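Take a look at the structure set out below.
These numbers come from the heavy atoms of this one structure, side chains and all, not from hydrogens, waters or symmetry mates. Remember, it's a predicted structure, so these values are computed and weren't measured experimentally. Numbered from 1 within each chain, the chains take letters A, B, ... in sequence-line order.
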2 protein chains.
Amino acid sequence: MSKELGITPRDENYSEWYNDLVKRSGLADNSVVRGCMVIRPHGYAIWELMQRALDDMFKATGHVNAYFPMLIPKSFLSREAEHVDGFAKECAVVTHHRLKDSENGVIVDPDARLEEELIIRPTSETIIWNSYKNWIQSYRDLPLLINQWANVMRWELRPRLFLRTAEFLWQEGHTAHATYEEAEQESLTILDVYRTFAEDWMAVPVIAGIKSDGEKFAGADHTYTIEAMTQDLRAIQAGTSHHLGQNFAKAFDVTFQNKEGKLEYVYATSWGVSTRLIGTLLMVHSDDRGLVLPPKLAPVQVVIIPIGRGEQREAVLQAADQLAGDLKAQGVRVKVDDREKESPGFKFNDWELKGACVRVEMGPRDLEAGHVITARRDQDEKVNVAVGEAAASIVAQLDAMQVALLDKARAMRDANIHRVDTWDEFAAQFSGEGGGGFVLAHWDGTQETEDRISEMTKATIRCIPQVPLDPADETPGTCVLTGAPSARRVIFAKAY
Amino acid sequence: MSKELGITPRDENYSEWYNDLVKRSGLADNSVVRGCMVIRPHGYAIWELMQRALDDMFKATGHVNAYFPMLIPKSFLSREAEHVDGFAKECAVVTHHRLKDSENGVIVDPDARLEEELIIRPTSETIIWNSYKNWIQSYRDLPLLINQWANVMRWELRPRLFLRTAEFLWQEGHTAHATYEEAEQESLTILDVYRTFAEDWMAVPVIAGIKSDGEKFAGADHTYTIEAMTQDLRAIQAGTSHHLGQNFAKAFDVTFQNKEGKLEYVYATSWGVSTRLIGTLLMVHSDDRGLVLPPKLAPVQVVIIPIGRGEQREAVLQAADQLAGDLKAQGVRVKVDDREKESPGFKFNDWELKGACVRVEMGPRDLEAGHVITARRDQDEKVNVAVGEAAASIVAQLDAMQVALLDKARAMRDANIHRVDTWDEFAAQFSGEGGGGFVLAHWDGTQETEDRISEMTKATIRCIPQVPLDPADETPGTCVLTGAPSARRVIFAKAY
């Protein structure tokens, strides 16, 4: 089946499965521009649902939206030393502001060179803190809780649709606070928003934790993360929340008068999730037949496929529209697939590919018998439902599917978390081509050891869990590589 | 009053009034990056309300959203001859993809020069039609009705906040059709969406019409527009809808097999409105005290200002929260301004500046007397309202204000539409520093005459109205400049 549809099965080649899935289901295409993607309507519809839910959560926690310029003066990047190191090697540089005609066609006008080059934002800390300097004078101006929905650009050498693209869409929160403690609380509040969104909306279980210094954001004091597990047993970082300390305030000289009348540097956080969440969603739930989407984020939650030709068609269509109307009235995203030239079998496959959560088959004989046939995308059985109870049953199926996907993903993840105490076991766990799951192991806390482990196994420290998965994980031990003392286990995995 | 707030009165200097208004009310700031702006939370909140309303209207007319790359290969622009002429002179050019450290600090890495330069989209016809080539094979793939919310960049020499900035936010629709007639219908459908949005949401009366060839979009067959009148009696183009004919399909070789099995080029439209709508809104309604916003687009529709100190404060605050709750339950965007350090007078001015539509003053004596005081932003009188009827009264006041603003703007505009038949009258109408209103005059239909009139008076043809303002406007006459025959009157104005 999947071969016919052009999707490589997961166990044949997981990476090709992913690419086939994204393209065949109509989520996104590669663009002619290296590393950039076209997000097609079906993919963008998922993003819109994500945006709406996240935006509501940000607003419920006191944030407002704004918009800052996408071009950043080159000199701004350099103001924060770690920041420029982190982003200078992968940024798009604007050097001219005009084209002109020439004998060789349209060329860049050499007379229109900019005095200072501009960078397309890879992230907006610098341009935003340059504004905050004008907005913050006193403790009364704090906290400043601002979010931005925007496109950003990082010149990725190995792009992959949604997971790692040169241009991507995201939200970036940038907040300013009077105290370290308040900024810390903010970064944790957002970490919890991200965790809640991943679990309640995406049905993706995540482990929330803190990054090691080697993996933190360039310019942060420390970084919190949520990490999910893919079906090929790798980690995928789904969102990060950074406590920036006073680093950017110092770089942009942003001070405020505190309650005691003294000047102090402002404390900051930044945090973001991106269209990478769509890649995460696919990597966790989808199968060889196509997309499996959690109902809360499915552009088409229910597809009704009327069956029957000629005289019967009109009656079936009418019943389909009736059911669709009932579902819409309950806020369900429903579509009647009344294409005349396509067979029911084609439509079944097409909607499995596109990830409709519940399929309703409706034929003249079914209607005569007083029922319709329903099929949940994540189950193999079909279920007959009385026409009068169809809408209620379908709504219940959607709710059940949302829960079932989370449970299934959690079971998959939990079955692939290993506690390992010797280097041989550790290396064996990551020796294959695939992932290797999450390995909870002791680490001596040094950058050097982290780097050596990464070189040898390609596994990196994904996070130090905020809440231990098992209390015993916080018992001291000895580093799996060096044997030096370790305070607690941390999570290693190969990562996307 | 307005001097204290730092807003130059309109009749002293309209242009400075506008700049003061935008900055003082907290809508936007200039950025360090030339021609770019920072849209502050209050300004962005207006944009979010506009987006939501427009997006709903686009979806109700069958459109879906997608996202295309912001970088366009230089060669793409050149494919459509008029298009490149229209945009080449004002575009940001990306030439490199990396910075590096040097003795002189961080510099552009000369080894990271792109093989082909990339342009930050000034508009997306070319990159989108390059994708449509892959998506369209048969008439069954049509129509394609896609919209995109995005940032674009045009290197403006004389930027003005919201009205004309190097980077701005907009939506751009790009549709593909099997026939000329269907594309024409689409461009008119959108023109009507724009007109409806301007009138019903922005309370801005507009004249919908067709552009002369001199003013049409670079690459269009013809362009429709909606034109509003500002308080200084100029025209402002608020939205455009282009019928592109087969121009871009030919440039990108996009053909389809029609029902007869023959290959044909696809017909196209494109259409857009931008953050310029916010500038339009201000130019039409606001006054020397600050923003006057139509309730449907006001981030804060109602502000409640509790008055009283000490023991009384608690009771007043409770009553304020009660009313706020009642209003919220009816979907009203309401804020209780309970700042302790600011006086009521300061708050009155502050919320007039920020454009709250209805102000509610609530003091202990008012409450004892069983009423609150309400004041509509567009009226001078205060009105006492019984506490039990306050919520209903305020909702009614908001509805009435929405209508009143449109009526007032329409009366202002209609009083400044002139029919002129001699060149002396025409020139006199546009001789002042200010606008001159809309002048309906006969024109011989040539580009040469249009150019000469523009040189002499700075007035341009804004549009040929879709529906004549007066049937007599469609009576033939003679050109106001050349005396040559003219089929009908067209609208001239000085424009933003």
Side-chain angles (χ1 to χ4, degrees), chain A residues 29 31-33 36-41 43-45 47-48 64-78 84 88-101 105-109 112 117-120 127 130-131 134-135 140 146 150-151 153 155 166-167 169 341, chain B residues 29 31-33 36-41 43-45 47-48 64-78 84 88-101 105-109 112 117-120 127 130-131 134-135 140 146 150-151 153 155 166-167 169 341:
Chain A
D29 270 350
S31 158
V32 282
V33 182
C36 294
M37 67 177 160
V38 177
I39 307 180
R40 298 185 67 169
Y44 199 82
W47 183 238
E48 286 180 287
V64 290
N65 289 325
Y67 188 80
F68 295 84
M70 80 160 137
L71 294 181
I72 299 178
K74 189 189 63 170
S75 60
F76 277 24
L77 267 198
S78 320
V84 68
K89 290 187 192 72
E90 51 177 30
C91 59
V93 189
V94 176
T95 55
H96 293 74
H97 63 83
R98 194 166 60 223
L99 301 176
K100 71 167 193 175
D101 284 325
V106 174
I107 61 165
V108 177
D109 186 344
E117 294 90 351
L118 299 167
I119 310 303
I120 299 179
I127 191 86
N130 187 63
S131 271
N134 303 320
W135 299 355
R140 288 204 226 173
I146 292 183
N151 55 345
M153 175 142 300
W155 209 264
E167 182 187 12
L169 303 182
K341 310 237 164 151
Chain B
D29 269 351
S31 158
V32 283
V33 182
C36 292
M37 65 176 162
V38 177
I39 307 179
R40 299 184 67 167
Y44 200 82
W47 182 238
E48 286 180 287
V64 291
N65 289 326
Y67 188 79
F68 295 84
M70 79 159 137
L71 294 180
I72 299 178
K74 189 189 63 171
S75 60
F76 276 25
L77 268 197
S78 319
V84 69
K89 291 188 191 70
E90 50 177 30
C91 60
V93 189
V94 176
T95 56
H96 293 74
H97 63 83
R98 194 167 60 223
L99 301 175
K100 70 166 192 176
D101 285 326
V106 174
I107 61 166
V108 178
D109 185 345
E117 295 89 353
L118 298 168
I119 310 304
I120 299 180
I127 193 85
N130 186 63
S131 270
N134 303 320
W135 298 356
R140 288 205 226 173
I146 292 183
N151 55 345
M153 174 139 303
W155 209 264
E167 182 187 12
L169 303 182
K341 310 236 164 153

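- For the set A:Leu118, A:Leu77, A:Val94, A:Ile119, the entry with the most heavy-atom pairs within less than 4.5 Å of chain B is A:Val94.
- With sequence neighbours excluded, the residues satisfying side-chain contact (heavy atoms from CB on, under 4.5 Å) with A:Lys100 are A:Ile107, A:Asp109, A:Pro110.
- Of all the heavy atoms in B:Ile39 and A:Ala66, the pair that sits closest is O-CB, 3.3 Å.
- Atom CD1 in B:Ile127 sits 8.0 Å away from atom SG in A:Cys36 (nearest 0.5 Å).
- When each of B:Lys341, B:Arg98, B:Met153, B:Arg140 is scored by its heavy-atom pairs under 4.5 Å with chain A, the top score falls to B:Arg98.
- Smallest separation of non-hydrogen atoms from A:Val33 and B:Leu71: CG2-O, 3.1 Å.
- By the ring-ring contact (aromatic ring centres under 6.0 Å, His included) test, B:Tyr67 pairs with no residue at all, sequence neighbours left out.
- When each of A:Val84, A:Val64, A:Ile120 is scored by its heavy-atom pairs under 4.5 Å with chain B, the top score falls to A:Ile120.
- Taking A:Val106, A:Ile72, A:Val38, A:Val93 one by one and counting their heavy-atom pairs under 4.5 Å with chain B, the maximum is reached by A:Val93.
- Within the model, atoms CE of A:Met37 and CZ of B:Phe68 stand 12.5 Å from one another, a figure rounded to the nearest 0.5 Å.
- Put simply, of B:Gly105, B:Ser31, B:Gly43, B:Ala150, the one with the most heavy-atom pairs under 4.5 Å next to chain A is B:Ser31.
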Original post:
Yes or no on side-chain contact (heavy atoms from CB on, under 4.5 Å) for B:Ile146 and A:Tyr44, after CA distance, side-chain angles and deciding distance?
Top reply: CA-CA 11 Å; B:Ile146 292 183; A:Tyr44 199 82; over 6 Å; no
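- Both the backbone and the side chain of A:Thr95 come within contact range of chain B, judged by heavy atoms closer than 4.5 Å.
- Neither the backbone nor the side chain of A:Trp47 comes within contact range of chain B; no heavy atom of the residue lies under 4.5 Å from a heavy atom of that chain.
- Across every non-hydrogen atom of A:Glu167 and B:Met70, the tightest pair is OE1-N, 2.9 Å.
- With chain A as partner, the option from B:Ala45, B:Ser75, B:Ala92 having the largest number of non-hydrogen pairs under 4.5 angstrom is B:Ala92.
- For the side chain to side chain contact (heavy atoms under 4.5 Å, CB included) with B:Val32, the qualifying choice from A:Pro73, A:Ser131, A:Pro69 is A:Pro73, the only one to do so.
- The choice from B:Arg40, B:His96, B:Lys89, B:Glu117 that makes the most heavy-atom pairs within less than 4.5 Å of chain A is B:Arg40.
- How far CG of A:Asn65 is from CD of B:Glu48: 4.5 Å, rounded to the nearest 0.5 Å.
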